Amino acid sequence: MLSGGGARGIAHIGVLRVLQKLRVPIDAIAGTSMGAVVGGLYASGLTAKQIEAVVKSLNWQEAFRDQPPRQDLSLRRKEEDENFLVHFPIGIKGWHLVLPQGLIEGQSLTEILRRLTLPVARITNFNDLPTPFRAVATDLQTGQKVVMDSGDLTSAMRASMSAPGVFAPVPRNGRLLVDGGITDNVPVDVAREMGVNVLIVVDVSTRLEPRKKLQGVASISAQALTILMEGKSRQQLASLTSRDVLIRPALKGISSFDFGDVNHLIAIGEAAAWKMRKRLSAFSVSPAQYRRYAQRRASLRRPPPRIEFVQVQTGSKQYSAPVEKLFGDMVGKRLNPNAIARRITTLYGQGGLDTLDYRVERRNGRYGLLIDARGASIGPNYMRFGLSLRDDFSGDATYEAAARYVMSEITRPGGEWVTDAEIGQTSRLATEVYLPFSKFSGWFVMPRVSVEASDLPYFIGQSMRAVYRAHAFRYGLDLGKQFSDWGEVRAGAYREEGHTQLTVGDPSDPLLPFPARQPFGSVTYFLRFSYDTLDNINFPHSGEQASLQWSSAHQALGPQSSYNRVTFNFLAAHTWHDRNTVAFSVSGGSLLDRATDLRMEFPLGGFLNLSGLKQYSLYGPHYGIARLLLYRKIDRGGPGYFDMPVYLGMSLEAGNVWRNMSDIRWNTMHKDASVFFGLDTFLGPIYFGSGFDDHGQQTFYLFLGRTF
């Protein structure tokens with residue numbers, strides 16, 4: 001019998017290891033929460049050693065995230081991820097705000113469990129599993145304990161560990177289920193009802209904290225929940241007899257969310273079991289008997305079956321067309337877990353779904369895939385938010401706050417109407433309608449319109465001379481094609497009208513680039529190619545990102561009739577030993593025609609953009625910069641929304657802006673460096689750093705938001 005306890009439940013694996021070494025066969029297993037996950041994997045026929053290998057190989061940060069790995073998102077979702085920092089969308093239904101049912105829907109974890117238990121997916125009676133199994137959950141509507149003894153093994157494990165507020169509830173057999181620890185965290189009675197003579201009970205429950213540690217809302221709330229659970233647990237443990245064995249791993253000081261050191265947790269469980277070796281050895285069998293026991297369990301794990309039909313579950317009919325298009329060609333073939341995982345990621349990565357899962361079902365002797373596609377509980381309309389703060393500790397502090405409202409599924413192929421609002425150094429209101437031609441063709445058309453006002457600082461050296469405010473109204477149309485989840489080519493045209501207004505500075509200053517007020521207007525055509533396989537936009541560890549754009553503007557108002565502009569960006573990252581990352585990036589651009597409009601020139605200066613110089617202190621018609629970044633993860637963080645790893649890093653940078661392309665030489669470049677601490681949070685990256693320029697300049701930075 002394996003109790004619940006979150007991350008503390010990883011200690012169960014250490015106990016199973018000892019039982020395996022002592023050749024103690026397990027005739028039945030019952031579990032709650034994390035105990036149900038470990039117990040369910042063992043019941044599916046995996047050995048303790050195999051479960052240990054799985055748990056050690058897992059990236060717990062990814063396992064507790066709903067989104068697929070970033071490199072598997074559609075390019076549109078990647079762009080949203082880049083511009084809107086907060087990974088916590090809020091739904092809009094009517095005039096009401098709708099919060100998600102949990103911080104984590106559990107999509108990634110479900111697919112991990114699905115793949116591991118696929119060899120026993122044919123078995124729907126848990127008594128027929130390699131080891132008979134029971135999982136305990138709680139009915140969220142009635143508060144009753146639910147003992148799951150049949151059906152889909154994966155959903156049973158997921159339901160049992162759905163801690164309210166953290167994981168979304170799991171619908172199963174007409175009930176909405178949450179963590180079984182609420183009603184029975186140490187299910188001794190459930191194990192006893194399975195007909196076993198002797199119970200080996202592993203209790204990893206959280207203990208009550210002393211008064212001195214009850215200082216905040218989080219600790220008090222956790223204590224209250226522990227009190228509720230402990231009363232039932234005491235009753236269950238009091239029912240143990242002298243024949244039963246109780247194992248309590250020494251987990252003091254380890255929280256339910258401490259997934260950072262799996263090896264340590266397993267070792268604690270192993271040490272606790274070895275202390276009970278004398279009593280456990282009484283249940284040992286001979287090597288030959290244990291070998292037969294292991295062989296019988298392994299024999300029930302079979303290769304995936306041949307798929308004869310694909311069908312969506314009741315309640316998922318609106319997704320029939322994309323499901324049939326994605327999975328229809330699997331009919332007649334043996335189920336390939338890797339192929340189906342890739343296709344699920346393709347559809348789920350486009351957004352708009354809380355859950356996209358599958359299970360193997362047998363009907364009239366034929367096996368098929370039953371697809372469960374559930375739309376976002378907060379959707380289809382939702383909001384996301386972005387925030388950027390910057391302070392250089394010398395009087396220059398800026399902020400930007402943004403919100404995005406998405407009306408999704410406005411057309412059958414997945415059209416979206418997106419409206420953005422932004423305030424701060426840049427004020428902006430924009431709307432666009434993304435209209436794909438079909439669900440998976442990649443082709444789209446997108447009309448858009450925006451009104452924007454942004455600051456345009458003008459420096460001489462490192463001293464700000466003036467600030468202009470550029471006001472612009474823009475409307476246009478884009479046509480493009482997305483290539484799977486890695487790239488896009490887009491062409492478009494837009495018209496822009498507006499003016500620049502001097503807000504800081506002396507209008508009579510002869511060194512200023514513009515008069516106090518100057519109108520502008522132009523029609524611009526552009527062609528852009530984008531490529532993105534980065535795994536993380538804040539602190540990338542692997543993958544590449546690149547873009548190349550040409551644009552041609554024909555001005556009706558302002559200082560110049562026309563210009564052509566080319567820009568490119570490239571970033572690549574590589575990580576070794578899990579903690580050390582090197583990233584190389586290069587950016588550049590050129591005005592192919594001589595321009596007298598400062599708005600058209602390229603800015604440099606600021607953190608990771610010549611870190612020793614003030615932000616946007618350099619402007620020129622030609623620019624180039626190369627960066628080499630080294631950073632090390634000095635703290636692993638926690639799972640999912642509790643994942644906030646800390647980094648220590650440095651950068652080497654070389655670049656400049658130039659008036660003429662003939663001036664581009666190594667000896668005309670600034671050579672800068674920086675050192676920084678970084679924290680990757682769900683609100684966005686936080687940096688504290690200092691930059692150094694080879695001309696003696698030094699700056700300090702505090703950032704929340706993107707840097708390059």
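These numbers come from a predicted model, not from an experiment.
The line from CD1 of Ile344 to CD1 of Ile371 is 6.0 Å long, rounded to the nearest 0.5 Å. Note that OG1 of Thr575 and CZ of Phe539 are 12.5 Å apart. Values are rounded to the nearest 0.5 Å. Here the OG atom belonging to Ser281 is positioned 9.0 Å from the CZ atom belonging to Arg23, to the nearest 0.5 angstrom. Here the straight-line distance linking atom CD1 of Ile266 with atom NZ of Lys56 works out to 5.0 Å at 0.5 Å rounding. To the nearest 0.5 Å, the span separating CZ on Phe309 from CD on Glu361 amounts to 5.5 Å. Once rounded to the nearest 0.5 Å, the distance linking NZ of Lys49 with CD of Glu52 reads 8.5 Å.
Of the possible polar contacts, one joining the Ser3 side chain to the Val204 backbone as a donor-acceptor pair under 3.5 Å is found. Put simply, the side chain of Gln141 never gets that close to the backbone of Arg175: no donor and acceptor are under 3.5 Å apart. Without hydrogens or angle criteria, Arg114 side chain to Tyr358 main chain gives a donor-acceptor distance under 3.5 Å. Checking side-chain atoms of Arg296 against main-chain N and O of Pro130 turns up a donor-acceptor pair under 3.5 Å. Using a distance-only test at 3.5 Å, with no hydrogens or angles considered, no donor-acceptor pair links the side chain of Arg172 to the main chain of Leu177. Under the 3.5 Å distance criterion, the side-chain polar atoms of Arg8 are matched with a main-chain donor or acceptor of Leu251. At least one donor-acceptor pair closer than 3.5 Å links the side chain of Ser284 to the backbone N or O of Leu22. Remark: side-chain polar atoms of Asp357 are not paired, donor with acceptor, to backbone N or O of Asp372 under 3.5 angstrom.
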Would you be so kind as to tabulate the donor-acceptor pairs closer than 3.5 Å made by side chains of residues 34-48, with sequence neighbours excluded?
| unit_1 | atom_1 | unit_2 | atom_2 | d |
| --- | --- | --- | --- | --- |
| Tyr42 | OH | Tyr293 | OH | 2.9 |
| Ser44 | OG | Leu41 | O | 2.6 |
| Ser44 | OG | Arg301 | NH1 | 3.2 |
| Thr47 | OG1 | Gln50 | N | 3.1 |
| Thr47 | OG1 | Gln50 | OE1 | 3.4 |

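For Glu308, the side chain to side chain contact (heavy atoms under 4.5 Å, CB included) test picks out Arg306, Arg366, with sequence neighbours left out. With sequence neighbours excluded, the residues forming a side-chain hydrogen bond (donor to acceptor under 3.5 Å, both in side chains) with Arg192 are Asp244, listed by chain and number. Contacts of Arg279 classified as side-chain hydrogen bond (donor to acceptor under 3.5 Å, both in side chains), with partners at least two apart in sequence or in another chain: none. Every residue two or more places apart in sequence or in another chain was checked for a salt bridge (Lys or Arg N to Asp or Glu O under 4.0 Å) with Arg134, and none qualifies.
Here Lys633 does not pair with Asp680 in a salt bridge; the nearest charged N to carboxylate O distance is not below 4.0 Å. Salt bridge present: Asp184 and Lys145 bring a charged side-chain N and a carboxylate O closer than 4.0 Å. Under a 4.0 Å N-O distance rule, the pair Glu111/Arg115 does not qualify as a salt bridge.
In the model, Asn127 has no side-chain atom that pairs as donor or acceptor with a side-chain atom of Asp149 under 3.5 Å. Of the N and O atoms on the side chains of Thr32 and Ser160, not one donor lies less than 3.5 Å from an acceptor on the other residue. Looking only at atom types and distance, the side chain of Asn185 has no donor-acceptor partner in the side chain of Ser233 under 3.5 Å away. In this structure, a donor-acceptor pair under 3.5 Å is present between the side chains of Thr183 and Thr138. Donor-acceptor pairing under 3.5 Å is recorded for the side chains of Arg158 and Ser162. Judged by distance alone, the side chains of Asp152 and Thr154 never bring a donor and an acceptor atom under 3.5 Å apart.
Contact of the Met1 side chain with the Ile29 side chain is not registered, since no non-hydrogen atoms from C-beta on lie closer than 4.5 Å. Contact check for Ile247 versus Asp203: no side-chain heavy atoms found under the 4.5 Å cut-off. With contacts defined as side-chain heavy-atom distances shorter than 4.5 Å, the pair Leu109/Met161 qualifies.
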List the steps and the verdict of side chain to side chain donor-acceptor pair (under 3.5 Å) for Gln107 and Thr110.
CA-CA 5 Å; Gln107 170 72 19; Thr110 298; 6.0 Å; no
Dump the intermediate steps for salt bridge (Lys or Arg N to Asp or Glu O under 4.0 Å) on Lys21 and Glu270, then the final yes or no.
CA-CA 11 Å; Lys21 290 176 181 178; Glu270 194 169 7; 3.0 Å; yes
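Pairs of residues two or more places apart, or lying in two chains, never qualify as ring pair (Phe, Tyr, Trp, His ring centres under 6.0 Å) while including a residue from residues 260-283.
The residue from Val582, Thr581, Asn580 that alone fulfils the side chain to side chain contact (heavy atoms under 4.5 Å, CB included) condition with Tyr631 is Thr581.
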